[in-house]
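The structure appears right after this line, and notes come after that.
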Number of protein chains: 2
Amino acid sequence: MQYLQDAMTPEDVPEEAPEPRNLRGRSAAHVAERIRDRILSGALPPGERLSERSLTEGLGVTRTPLREAFKILEAEGLLNIVPNRGAQVVELSSADVDMAMELLAGLESVAAELACARGTSEQFAEVAALHARMVACQRAGDLVGYFRINQNIHQNIVDCAHNPALSRVYRAESARVRLYRFAGNRVSARWSRAVMEHEQILLALQQRQGPLLRELLRAHHLNGWHVTRKVLDNEVQPDL
Amino acid sequence: MQYLQDAMTPEDVPEEAPEPRNLRGRSAAHVAERIRDRILSGALPPGERLSERSLTEGLGVTRTPLREAFKILEAEGLLNIVPNRGAQVVELSSADVDMAMELLAGLESVAAELACARGTSEQFAEVAALHARMVACQRAGDLVGYFRINQNIHQNIVDCAHNPALSRVYRAESARVRLYRFAGNRVSARWSRAVMEHEQILLALQQRQGPLLRELLRAHHLNGWHVTRKVLDNEVQPDL
DNA sequence: ATGCGCATGATTGCATGCAATATGTGAAAC
DNA sequence: GTTTCACATATTGCATGCAATCATGCGCAT
């Protein structure tokens, strides 16, 4: 299955918090974060085999914390570890992504009603501001910025539900399919429609119309994923 | 926060598949499974500190795979690892469990419509059979059996959605709160009502009435969790 | 040419050792 | 009696070494 090479650029990786000089006790987490960023940015593409030797040299740690990081990333669903044959970046089938998208849509629909019930107007304003920035990216033809902010908007809506467990699961599952997810946006016919849908979504959120928001998000997801799926299956030529 | 000491007895842990005699390459996963079982059975209670020494002796492995297992369980949300101070079983606050229950209810409501759309009648029969066994446990006063089968029924309904990602997330989140979740069932006044609700749920599932099933599951969850919460907060004396 | 078997080097899995940090204990000061 | 500090002990973090497994290349038979 195809995937989007450049869903995320290096600038997309938030610059890490000023690390404690000595990261004793945090090596594995630190390494996992570095590798996770490389996977999510596409620098380590699906199917890529991760050799312990090259990564220890690249990251300046020894094999023990590296192997611990592998276990973390495997638990997150980003790596497969095959005994005696090392780790490789998970490759998702079209069916896998279908299922993940269905789950994400479900999580968003759950979040919708909670967000309308509990989101603060500050949070809604934040979403609105992101939307404005996304439209600016669209106008400027900045695909990468558009993707990033789009992703951000959806996460922000989920966060409006004020349920950390929901936010955490959404974030993790979203990350798993990130590379596959946004290829549909390469079809620019979809762009303007997606922006319109987002405007409706924003309105429903601000007016706290939970059931409506739920349906809008569900429809938005289905629309977007339909297009994306066709691109991934090479039925439609992307505009690049 | 209180939790249920005996939500699961050792017999509850499915006897492991006949392991390959040599588990090279599977040590960490094996160890993680053993520790996970101990946490879910309550043998390792929330807050318990896990010393590497005692676990290596108890499990017959060395520290390297044990520490890898710790990382896996931390990623699953079952352990906290504090640098230089080892691992301990996660303790959830009342608010944490609230949020997790809200998420579980949401996941079930998403599953409901999918299950009605895609579940096979064999799967529905399986759920019905589990329900019958659960009622038998209720009549026999077998609390532990009742808890286990109840949990099983809910997982089975989710599995009817035929979405592996959804099933996986539901299983993981369900495990995280298992010890806290079923204390409400210790109030036997709740038992008969819960069984009645289950009968309605089963009916809606068999008749593939998605929206109805969704509402029934949501109500079932809210009812059950309300009672459980009061027990955990010591507002109601359990019947034990 | 093609496929198979085997030797050899590379890679992984895990045990162990050493350094850094935390913890426990008792003596001294107040 | 309580508190504080120093030291001894225990525990954790990570580097490294050895054994098991895998991958690669070559010779040999077909």
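Every value quoted in this text rests on a predicted model; they were computed, and no experiment measured them. First the proteins, then the strands, lettered A, B, ... as listed; each starts at 1.
- Within the 3.5 Å criterion, the main-chain N or O of Asn152(B) finds a donor-acceptor partner in the side chain of Asn156(B).
- Counting to the nearest Å, the P atom of dT16(C) and the CD atom of Glu57(B) are 13 Å from each other.
- Ser109(B) places a side-chain N or O within donor-acceptor distance of the main-chain N or O of Gly106(B), the cut-off being under 3.5 Å.
- Residues Arg63(A) and Ala87(B) each lie close to DNA chain D; by heavy-atom proximity, the contact nearer the 5' end of the strand is made by Ala87(B).
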> Can you give one letter per nucleotide of nucleotides 5-11 of chain C, 5' to 3': B if a protein heavy atom sits under 4.0 Å from the base, S if only from the sugar-phosphate, - if neither?
Replying inline: ------S
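- The side chain of Ser27(B) contributes no N or O atom lying less than 4.0 Å from OP1 or OP2 of dG13(C).
- When the P atom of dT12(C) is taken as reference, atom CG of Leu79(A) falls 13 Å away, rounded to whole Å.
- Looking only at distances, no side-chain donor or acceptor of Arg49(B) sits under 3.5 Å from a matching main-chain atom of Gln88(B).
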>> The test is side-chain contact (heavy atoms from CB on, under 4.5 Å); show your working for His154(B) and Leu104(B) and say whether it passes.
In response: CA-CA 10 Å; His154(B) 284 271; Leu104(B) 286 175; over 6 Å; no
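- Under the side-chain contact (heavy atoms from CB on, under 4.5 Å) test applied with Thr56(B), the options Thr64(B), Val31(B), Leu66(B) reduce to a single match, Leu66(B).
- Tyr180(B) contributes a side-chain N or O that, together with a main-chain N or O of Leu92(B), makes up a donor-acceptor pair within less than 3.5 Å.
- Within a heavy-atom distance below 4.0 Å of DNA chain C, the residues of residues 64-76 of chain B found are Thr64(B), Pro65(B).
- Formation of a donor-acceptor pair under 3.5 Å by the Gln123(B) side chain with backbone atoms of Thr120(B) is found in this model.
- Distance Asn80(A) CG to dT12(C) C1': 16 Å, rounded to the nearest Å.
- If you take CD1 of Ile81(A) and P of dG13(C), they are 8 Å apart, rounded to a whole angstrom.
- The backbone N or O of Ser93(B) lies less than 3.5 Å from a partner atom in the side chain of Asp96(B), making a donor-acceptor pair.
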